[in-house]
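These notes concern the structure reproduced below.
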Amino acid sequence: MEESPIEHRPLDVLILAAGLGTRMRSDLAKVLHEVDGRPLISHVCRTAASLAPEKIYVVIGHQGDDVRRAVLRDLDESQVTFVEQKAQLGTGDAVNSAREYLHDRDSTLVILSGDVPLIRPETLAGLIRQHLSHRGKGAASTILTVKLKDPSGYGRIVRGDGGIFESIVEQKDASDEQREIREINAGIYCFDTKLLFAALEGVKNDNAQGEYYLTDVPTLLRHAGEPVAIYQHGDTQEIEGVNNRMQLADIERLLRRRVVTRLMLDHGVTFIDPRTAYVSEFARIGRDTVIYPNVSIEGESRIGTGCVIRSGTRIADSKIANGVEILDSCVIVDSEIESDCKVGPFAHLRGRAVMRAGAKVGNFVELKKTDLGRGSKASHLAYLGDATIGEKSNIGAGTITCNYDGVRKHETHIGDNVRIGSDTMLVAPVKVGDGASTGAGSVVTKDVEAGELVVGVPARKHSPPKTETA
Ligand code: UD1
Ligand code: MG
């Protein structure tokens, strides 16, 4: 096949993210609203970066500083140039804000919308391929389109004789007849950069919204005799835009379904009710793990094979090994659970809590920045904070590590094979040696030696009464 002359040009990406998003009825700029726990702009930035372009331009305006910060969480400062659009006069004006950087640049420019977050890198690769190879020479502009059952709200694609591209007509400017057209503009395009900026000079704002539309550029190019192509895509969900909160919820649902479907089909995870599962795009779950209804798995969580996670549990940024059973309504954040542990119901792990293999944490137990050793148990009603607990120890019901003196946090260290009696208060800093025990209700203010039994308030060494021999 003959190579088109534009195939060797560098690739740039420009992301439109300056609008407020009036229809969101929000004080927060639209692209900062979240799906999958990340702002919309973050999804688009990651997709843009996956194309490995030479540069990514982000047009910012409303809450520009916050949008900039959000972008820099995903992209390196060297990858991105921020362009400020002073007043939001339309998508054409937004692109025009990058004129000084791009007007005479010999490149291919992909334009993405900050409010269309589900678009896949593979789809963009297809768009770029078609753009570069159009009629052997490449196109001046290629528009990504789809056919929708309900096209309302989107710009319609008007085609002339032989299906040739004629124009894009916005909903508000469309005639009744044009509103019947089901093929819509996804708001995603490929342009010859120089031709785009030349054509932008001719864009006017004589339309229903009084805005400078980017969507007028393909028509201007066509009038100038330049080739304009259409890349019609089959997947209608990928191009869904967020203009109101209903659509935001739709996108959330579509993304979750995409993730859950992949986990079921490719990774062998069982979801009892896939509709109510909330699993982040970045989470990993192993084979034969069973997930009950209303479970939320967020961030970069890792869950092993053969686990059971019961209803109402939330797991965020945590690592869970194989064969772990998590009962109903647990909250596990920023923590690690080794293999064969049992957790819950109603347990709370946070602040880098660690449960070693085979440990158990039961009803109404909170672990904060605590390492619970292999096979150790805290089965009921306890607060364990800033603590280390050795192997095979038992923490009785109602035990509390009193870790805070009103100013600073202090640590508690408990050894192996320790028996902490019910309702023990461990006033930190304090150490309890291997094989030691505390009596029910004791308040431990001093270190306990290995093998010792302490009781009372404050706890003292308990000497068993002398047994009299007859
Ligand atoms: C746009 C398209 C429409 C298409 C739809 C797809 C135009 C005129 N219309 O309409 O044909 O079907 O997207 O989702 O382009 N923005 C700026 N500065 C502005 C205005 C907008 O940066 O002055 C940004 C917004 O932040 C947003 C994007 O551009 O990320 C799209 O703007 P929006 O107002 O949502 O356009 P739509 O009405 O959805
Ligand atoms: Mg939009």
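Atoms within a ligand are numbered from 1 in the order they appear, just like the ligands themselves. Counting from 1, the numbers follow the sequence of the chain as shown.
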* With only distance considered, is A18 within less than 3.5 Å of ligand 1 through an N or O on each side? -> yes
* Proximity flag L89 to ligand 1, non-hydrogen atoms under 4.0 Å -> yes
* Could you name the option among A186, G241, G153, S113 that has the heavy atom nearest to atom 31 (C) of ligand 1? => S113
* Pairs in or reaching into residues 83-93: which pass salt bridge (charged side-chain N to carboxylate O under 4.0 Å, His left out), with residues at least two apart or in two chains? -> none
* Kindly state if atom 1 (C) of ligand 1 has a protein heavy atom within a strict 4.0 Å cut-off, that is, under 4.0 Å? => no
* **Enumerated ligand 1 atoms positioned under 4.0 Å from heavy atoms of Q88** => 23 (O)
* Among V295, D328, I326, I291, side-chain contact (heavy atoms from CB on, under 4.5 Å) partner for R310 -> D328
* Asked: Which of the atoms of ligand 1 are close to K30, meaning less than 4.0 Å from one of its heavy atoms?
  -> 35 (O)
* To do: Establish, for the pair R256 and Y278, whether the NZ or CZ atom is under 6.0 angstrom from the six-membered ring centre and no further than 45 degrees off its axis.
  => no
* To do: State the CD1-CD1 distance between I320 and I285, to the nearest 0.5 angstrom.
  => 9.5 Å
* Atoms of ligand 1 close to G114 [distance to a heavy atom under 4.0 angstrom, numbered from 1] -> 30 (O)
* To do: Consider ligand 1: state whether an atom of it lies below 4.0 angstrom from any non-hydrogen atom of R23.
  => yes
* Min N/O separation G187 to ligand 1 under 3.5 Å -> no
* To do: Looking only at distances, please establish whether an N/O atom of ligand 1 is found under 3.5 Å from an N/O atom of L16.
  => yes
* Would you indicate which of N243, N207, N185 comes nearest to atom 4 (C) of ligand 1 when only heavy atoms are counted? => N185
* To do: May I ask you to check whether Y154 has an N/O atom sitting below 3.5 Å from an N/O atom of ligand 1?
  => no
* What protein heavy atom sits nearest atom 16 (N) of ligand 1, and how far away is it? -> G19 N, 3.9 Å
* Asked: What part of E170, side chain, backbone, both or neither, has a heavy atom within less than 4.0 angstrom of ligand 1?
  -> side chain
* Asked: At what distance, to the nearest 0.5 angstrom, does CG of N244 lie from OG1 of T22?
  -> 12.0 Å
* What N/O/S atom of D115 gets nearest to the Mg ion (ligand 2)? -> OD2
* Asked: Side chain, backbone, both or neither: which part of R156 comes within less than 4.0 Å of ligand 1 when only heavy atoms are counted?
  -> neither
* Return the residue, atom name and 0.1 Å-rounded distance of the protein heavy atom closest to atom 15 (O) of ligand 1. => T91 OG1, 2.7 Å
